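Written out below as C-alpha cells is the structure these notes cover.
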2 protein chains.
Amino acid sequence: MKRLVTMKTIAKELNVSTATVSKALQDSYEIGNETKQKVWALAKQLKYELNPAGSSLRGQKTKTIAVIIPEIANNFFSLAIKGIEEIARRLDYHVLIYQTHENSEIEMAFTDSLLNGRVDGILISISSETSNNEHFRELVKKIPIVFFDRVYEDIDAVKITTDDYLSTYNATKHLIDCGCKKIAYLLALDNLSTGKKRVQGYHDALKEHNMLYTSDLIVKYDTDEAVNYNNIKNLILTHKPDGVISSIEDLALPCYYVCKELNLNIPKDLKIISFSNLNTAPLLNPSLTTITQPAFEIGKEAASILFKILHNKHVEPNESMILESELIKRDSTSCN
Amino acid sequence: MKRLVTMKTIAKELNVSTATVSKALQDSYEIGNETKQKVWALAKQLKYELNPAGSSLRGQKTKTIAVIIPEIANNFFSLAIKGIEEIARRLDYHVLIYQTHENSEIEMAFTDSLLNGRVDGILISISSETSNNEHFRELVKKIPIVFFDRVYEDIDAVKITTDDYLSTYNATKHLIDCGCKKIAYLLALDNLSTGKKRVQGYHDALKEHNMLYTSDLIVKYDTDEAVNYNNIKNLILTHKPDGVISSIEDLALPCYYVCKELNLNIPKDLKIISFSNLNTAPLLNPSLTTITQPAFEIGKEAASILFKILHNKHVEPNESMILESELIKRDSTSCN
DNA sequence: CTGTTAGCGCTTTCAC
DNA sequence: GTGAAAGCGCTAACAG
C-alpha cells in the first residue's frame, strides 16, 4: 500500500541517526531534551508507529498474546474474551483469537504454530484433557501459558477456574431442599476435570442425602442435537425425574423443549438448573435457575496473571485462582 | 524462553545455506528434489515454524488481519467473528480482535495503530458515522478495509450489510397485518446509516398504510438502562401502543420487563418485534418475534472479500453485498 | 549527548 | 541447483 513512515524517515528529516530516534522515542536518558522534543513532534505529525516486525525481530517481544478457545459464539467465552481484551488494551497488548471447535488436533496445531515468536504468551481453555497431555506438558516449558476455565489439572501452570464441584453440589442440594426426590444429570465435558468435578458435586450431594444415584439418571452429551433431544426425552419418559442439573447450556435447552412437547410444567413437574451465561435467562419461561460463572472476571484474571508473568519473567508461585459461580435462583426452582 | 529453531539451524545441520532452506520451504523450482526432502524432513522433526517477524519485515505481509467491533460479548458480533475466524483459518491467517465500546476516539486510535504493518487488512463495524468521517476517508487509502454491518455509507470501500430498511419495513407491515393500530419504535444506532434505514423502513410502512406516525411513538436509546426502562414505561403508559419494533435487542428486553410490571399480556396487548441474534429467542415467553441477521455469514463474506482484495492487490470493483435478514415469526405476533 | 555498527530471521536478486 | 549478500525496521553495545 503506502510507504511506511519509519525511524529512518524521521532521522533523515531531523538530521540525526536512527539510533537517536529510537532512543528518543523510548524517552531514554541518553538523549537531550531538545532532540527528544523534535523527534516526538515529528513522529506525531507523521503519525509514526513503531513497526512491530522490526522491534520484535530485534527484541523478542511482540506485545501480542493468543487466546485459544473451543468456540467464540458462546456466552461464556465471548464474555471471557471481552475481559481479556480489556486488560490487554490497558497494557497495549494485542489479542489473537483462535477457536478449536473442541478438536484437539486443531488445538495442537494452533499452539505449535505460536511457538515461532508470534506471541509472547497464551491464554487457553482446552477442549480435552485426555488426548494431548504430553503435548501440553511440553508446551508449558516453551511459552508462558495461563489456562482458564477448562484446564489441565495435572500440569504445572497457572489456572483460573470456577468452583465446579461446589456449584453442582449446591445446585443439587438446592433441588433437594426444594423437595426433589429424583434428580437427573445432563453430562458434558466428561473428558475434562471441569466436567468430572461437576458430576462429582451432583453425586456427592445425592449421596449425602441418601438419594438415588444411578447412571440411568445421567444423559451424556452427544454432538448430534437430535440424539440429545431423544435421550433426554427417554430419560424423562422412563424415569420421570422431578429435578435436572444440566452441566452445559446446550443440554438445558432441549430439556426445556422436551418438557414442552410432553406438556410438563417445568417448575412444578420438573425443576431445572443449568450452567448458563445467558444474559436473557430471566426472560426464559419458566425462568431457568442458572449456575452462572463470572466469565468476564475469569478473562480479566487470566489475562492479568499472564501479563504479570510476561513482565516478571521469573517463575511465579502457583497463583492459580478459583472464582465463585453464582446460583441465580429463579421461579423454576424456588422453594415455597 | 527457549531458543527458537530458525532457518539457520536447519541450514547448518544440513550443510546448506539459509537461502536454500528458505527456497526449499517455499517449494521453489530452483531447488533440487533431494534437498527439498531433506529440508522438509528436518523442519518437521524440529517443528520449525516460520518466524513471522522476519518474514513480514522482509516481505511486507503479516498474514494477519484485524477485526474492530463495538463489543465482543454480543450475539451478533461474536457470531460474525466466528465466521471471520473460520475463513481466516482456512487461509492460514491470524485474527486480531479489538473492541471500541462504541467510542470513536478509541476506534481511531486502533486503526491508526494498525498502520505500521502489524496487519495486512482490517474488518470493521463502526461505532458512529458522524464523528470521524475524514479519518476513515483517509484510512481506506492506506490499508485494505472491508466494512461490515455498520458501515460508512459514503466512503468508497467494500461493505457487507443486511437489508436494514426492508427488515423493519416488513416487520412493521407484519404488525399492521396482525391488526396493530399504533406501532411504537425503539430507536438506536441513529448516528449510523444502519439505524437510519431501520427507522425509515418503519416510517415508510406506516405512511403507506396511513398509520399514525409521530415522534411521540419513538423512544431513543440511552446508555443508562434505567432511563430506557422509564422511557419505555412512559411511552406505553402514555400512548398505549399495540405494537413495538425494536431496533436493537437491548431495548426489547426492558420493553418486555415493563409489560411484566404493567401486567400487559404481550401477544395480546402489545406485539413486539426486535432485531435479535439470541439463540434462545424461541425460549422467550411470550416468544419474541425477531429480525435475525445472518451474522455468521456476514463475517464469512466480509472476510472472504478482504482476502480476495489482499490476494489480488488490484482494486476491486464495488463488490459490496447486502444479505437478507430473516423475520422469524413467533407466537407474540402471529396473526390468526 | 549522539552516531556507528551489528544483527534479529527472512527473502530475493544475482552470481556461480 | 545452490550460495553470497543485501536489506526490511529496529535496538543495544560501544565509541566518541
Side-chain angles (χ1 to χ4, degrees), chain A residues 1-40 42-43 46-64 92 113-120, chain B residues 1-40 42-43 46-64 92 113-120:
Chain A
M1 217 77 182
K2 262 273 142 56
R3 191 88 221 97
L4 294 179
V5 181
T6 76
M7 287 191 177
K8 222 189 215 166
T9 324
I10 299 181
K12 227 173 240 165
E13 185 75 25
L14 258 40
N15 272 316
V16 294
S17 74
T18 58
T20 304
V21 175
S22 174
K23 287 177 196 159
L25 289 173
Q26 288 174 87
D27 201 5
S28 160
Y29 66 96
E30 296 181 80
I31 302 297
N33 227 307
E34 208 179 333
T35 316
K36 277 185 192 171
Q37 298 298 342
K38 278 196 288 189
V39 170
W40 292 345
L42 189 56
L46 300 178
K47 290 199 181 187
Y48 169 78
E49 294 275 346
L50 193 64
N51 182 312
S55 73
S56 59
L57 191 52
R58 186 61 230 252
Q60 322 276 28
K61 55 185 164 359
T62 61
K63 284 244 161 199
T64 305
D92 266 315
S113 80
L114 292 171
L115 292 177
N116 55 6
R118 183 177 288 275
V119 298
D120 297 339
Chain B
M1 219 73 183
K2 262 272 142 55
R3 191 88 223 98
L4 294 179
V5 182
T6 76
M7 288 191 177
K8 223 189 215 166
T9 323
I10 298 181
K12 228 172 240 166
E13 186 75 26
L14 259 39
N15 271 316
V16 295
S17 72
T18 57
T20 304
V21 175
S22 174
K23 287 176 194 160
L25 289 172
Q26 288 174 88
D27 200 6
S28 160
Y29 66 94
E30 294 182 81
I31 301 297
N33 226 308
E34 209 180 329
T35 314
K36 279 185 191 170
Q37 297 298 344
K38 279 197 287 190
V39 170
W40 291 346
L42 189 57
L46 300 178
K47 290 199 182 188
Y48 169 78
E49 294 275 346
L50 195 64
N51 182 313
S55 74
S56 60
L57 191 53
R58 184 65 229 250
Q60 320 274 27
K61 56 186 162 7
T62 61
K63 284 247 163 195
T64 305
D92 266 314
S113 80
L114 292 171
L115 291 177
N116 55 7
R118 182 178 288 275
V119 299
D120 297 339

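Chain identifiers are assigned alphabetically (A, B, ...) following the order of the sequence lines, protein sequences preceding nucleic acid strands; residue numbering begins at 1 within each chain. Just so it is clear, the structure is predicted and the values come from calculations on it, not from any experiment.
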Check your understanding: Just how far, in rounded Å, is C1' of C/dC10 from CG of A/Asn51?
Key -> 14 Å

**Study point:** Nearest heavy atoms of B/Ala11 and B/Thr18, plus distance in Å
**Key:** CB-N, 3.8 Å

Check your understanding: Are B/Leu46 and B/Glu13 close enough, and set up right, to give a side-chain contact (heavy atoms from CB on, under 4.5 Å), and what steps lead you there?
Key -> CA-CA 11 Å; B/Leu46 300 178; B/Glu13 186 75 26; 5.8 Å; no

Review point. Separation of A/Tyr29 atom OH from C/dC1 atom C1', in whole Å?
Key: 11 Å

Exercise for review: Report the residue from A/Leu115, A/Asp120, A/Leu114 that forms a side chain to side chain contact (heavy atoms under 4.5 Å, CB included) with A/Arg118.
Suggested key: A/Leu114

Point to revise | Of A/Leu50 and B/Ser17, the one whose closest DNA chain D nucleotide lies more 5' | key: B/Ser17

Exercise for review: Remember a base hit wins even if backbone is also touched, and classify B/Ser55 as base, sugar-phosphate or nothing at under 4.0 Å, heavy atoms.
Suggested key: sugar-phosphate

Check your understanding: Is A/Thr20 near enough to C/dG3 that one of its side-chain N or O atoms lies under 4.0 angstrom from OP1 or OP2?
Key -> yes

Restricting both atoms to N or O, compile the protein contacts to nucleotides 13-16 of chain D shorter than 3.5 Å, with distance only.
| residue | atom | partner | partner atom | Å |
| --- | --- | --- | --- | --- |
| D/dA13 | N6 | A/Lys23 | NZ | 3.4 |

**Study point:** B/Lys47: partners by salt bridge (charged side-chain N to carboxylate O under 4.0 Å, His left out), with sequence neighbours left out
**Key:** A/Asp112

**Study point:** First encountered from the 5' end of DNA chain C, between A/Thr18 and A/Asn33
**Key:** A/Asn33

Practice item. Using atom CD1 of B/Ile31 as one end and atom C1' of D/dT2 as the other, report the distance to the nearest whole Å. Key: 6 Å

Practice item. Measure the distance from CD on B/Glu34 to C1' on D/dT2 and round it to the nearest whole Å. Key: 13 Å

Practice item. Rounded off to whole Å, could you give me the NZ-to-P distance for the A/Lys61 and D/dA12 pair? Key: 6 Å

Practice item. Take A/Val39 and A/Leu14 through the side-chain contact (heavy atoms from CB on, under 4.5 Å) test and state the conclusion after the steps. Key: CA-CA 8 Å; A/Val39 170; A/Leu14 258 40; 3.8 Å; yes

Practice item. Go through residues 7-16 of chain A and report each residue with a non-hydrogen atom lying under 4.0 Å from DNA chain C, sorted by number. Key: A/Asn15, A/Val16

Exercise for review: Using side-chain hydrogen bond (donor to acceptor under 3.5 Å, both in side chains) as the criterion, list what pairs up with B/Gln26, not counting sequence neighbours.
Suggested key: B/Ser22

Exercise for review: Please state how far atom NZ in B/Lys36 lies from atom C1' in D/dG1, giving the value in whole angstrom units.
Suggested key: 11 Å

Practice item. Could you tell me which residues satisfy salt bridge (charged side-chain N to carboxylate O under 4.0 Å, His left out) with A/Lys36, sequence neighbours excluded, listed by chain and number? Key: A/Asp27

Review point. Stepwise, does the side-chain contact (heavy atoms from CB on, under 4.5 Å) test hold for A/Thr20 with A/Glu30?
Key: CA-CA 9 Å; A/Thr20 304; A/Glu30 296 181 80; over 6 Å; no

Review point. Roughly how many Å is it from CG in B/Leu25 to P in C/dC10, rounded to a whole number?
Key: 9 Å

Exercise for review: Take atom CZ of A/Arg118 and atom C1' of C/dG9, then tell me their distance rounded to the nearest Å.
Suggested key: 14 Å

Revision key, fill the gap. Sorted by chain and number, sequence neighbours left out, salt bridge (charged side-chain N to carboxylate O under 4.0 Å, His left out) with B/Lys63 holds for none

Exercise for review: Using a 4.0 Å heavy-atom cut-off across all strands, classify B/Ser56 as base, sugar-phosphate, or nothing.
Suggested key: nothing

